[in-house]
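Shown next, in structure tokens, is the structure this report addresses.
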Amino acid sequence: MIKTIEWTKDGIRMLDQRLLPGQETYLMLRSYDEVAEAIKKMVIRGAPAIGVAAAMGIALGASQSVGTSVADLEDDLLYICDEMGKTRPTAVNLFWAIERMRATFQRAKSKNDVEEVKKILVAEALAIFEEDLAANRAIGKHGGPLIPDNATVLTHCNAGALATAGDYGTALGVIRGARDAGKKIAVIADETRPFLQGLRLTAWELAKDDIPVTVITDNMAGHVMKSGKVDAVVVGADRIASNGDTANKIGTYMVAVLAREHNIPFYVAAPLTTLDMSLQSGEEIPIEERDEKEVTHIRDYQLAPDGVGVHNPAFDVTPNHLITAIITDKGVARPPYTESLPKLFAETNAAGG
Ligand code: MRU
């Protein structure tokens, strides 16, 4: 199993995704601000993985608090939560995890025992980690049946083990679910400029898992679909508005438009923690703008002329009408999403989580 992130007695151990596939290097992060920096710099990335990292970072920071009262601990915790919230703006799992850690503290503080509250916060972060692993398995169970035997699935970015707590992933969880049900599946991975998550990460983890993978550059997707080589598209999500509009890695929208043109089903796979019921549409999703060097350079090598203007939005929003279904850990939502998503959400809350 690929270990994206791990809680250890010495700190939080993370696979440095910036160096893959060339180097498999693990970093040991020993303070919450190192964790926040790792999220910002994309040592760890992918919406669910960012949520898990934030929860663990908050637990680590709280457990290192030197405050002697629960009130001191609360001050530290709230500060750490604010810092975590400044790392990346689009993936809602980050804010979901921060809220859950805050709420856990609020419930635990009546114990009035600093050491006990710290233990509860660590246990909560570990629960978030375990729940994410289970959610991905459930996505695979619900989504696997949607993929026909002998299918070729196109995916964009990396929504696999590396983008989650580990193991299955979301979009790749659907592919693994189909594979584990005995189907023969091949994958086409878009390279995913500018950070190259498809080329570097999806190809790496699928090859490691013996799932046949072919890499294409992003501008080949239309040609490949027109040639009849794609049976389904499955992508992950960073934030899904209550009407089903979905923010995911830049380029996803283009793939969805192409899939519609070629009558190819376009599936989004994500845990319910990626659903933002407070937003009516994708218009309200904040889109992260990243460093222009990601576009002008490949690692440290400059490709663009000096001084050119650069725009580097890290995500785009695919409108709900282009999405065939949203595969979640709690079941598959179909259009109209303004009905199916609130229903799924309400059923899950009624069932206690
Ligand atoms: O910028 P990144 O690499 O964090 O973006 C990741 C994506 O867009 C993924 O497709 C998404 O988070 C789903 S991950 C299961």
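Note that this is a predicted model, so its numbers are computed, not measured. By convention here, the first residue in the shown sequence is residue 1. Read the numbers this way: they start at 1 and go in the same order the structure lists the ligands and their atoms.
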Would you say E292 and N312 are linked by a side-chain donor-acceptor pair, where the criterion is simply a distance under 3.5 Å?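 Judged by distance alone, the side chains do not pair up.
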Looking at F315, I'd like to know if the NZ or CZ of R239 sits under 6.0 Å from its six-membered ring centre while staying within 45 degrees of the ring's axis.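 No, cation not above the ring by the 6.0 Å, 45° rule.
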Name all pairs fulfilling the side chain to side chain donor-acceptor pair (under 3.5 Å) condition that reach into residues 249-265, sequence neighbours left out, sorted by first residue then second.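 Sorted pair list: N248-T252.
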Pairs meeting criterion side chain to side chain donor-acceptor pair (under 3.5 Å) with involvement of residues 148-165, two or more places apart: R45-N158, N136-T164, H156-D190, N158-T202, N158-E205
For L146 and V174: C-alpha separation, side-chain torsions, deciding distance, then whether side chain to side chain contact (heavy atoms under 4.5 Å, CB included) applies. CA-CA 9 Å; L146 300 177; V174 171; 5.9 Å; no
Using a cut-off of under 3.5 Å, which N/O atoms of ligand 1 pair up with protein N/O atoms, and what distance separates each pair?
residue: ligand 1; atom: 1 (O); partner: R88; partner atom: NH1; Å: 3.4
residue: ligand 1; atom: 1 (O); partner: R88; partner atom: NH2; Å: 2.8
residue: ligand 1; atom: 1 (O); partner: K249; partner atom: NZ; Å: 2.7
residue: ligand 1; atom: 3 (O); partner: R45; partner atom: NE; Å: 2.8
residue: ligand 1; atom: 3 (O); partner: R45; partner atom: NH2; Å: 3.3
residue: ligand 1; atom: 3 (O); partner: Q197; partner atom: NE2; Å: 2.8
residue: ligand 1; atom: 4 (O); partner: G46; partner atom: N; Å: 2.9
residue: ligand 1; atom: 4 (O); partner: R88; partner atom: NH1; Å: 2.8
residue: ligand 1; atom: 8 (O); partner: D238; partner atom: OD1; Å: 2.7
residue: ligand 1; atom: 8 (O); partner: N248; partner atom: OD1; Å: 3.2
residue: ligand 1; atom: 8 (O); partner: K249; partner atom: N; Å: 3.2
residue: ligand 1; atom: 10 (O); partner: N248; partner atom: OD1; Å: 2.7
residue: ligand 1; atom: 12 (O); partner: A47; partner atom: N; Å: 2.9
residue: ligand 1; atom: 12 (O); partner: D238; partner atom: OD1; Å: 3.2
residue: ligand 1; atom: 12 (O); partner: D238; partner atom: OD2; Å: 2.9

How would you list, by chain and number, every residue that makes a salt bridge (Lys or Arg N to Asp or Glu O under 4.0 Å) with K183, sequence neighbours excluded? none
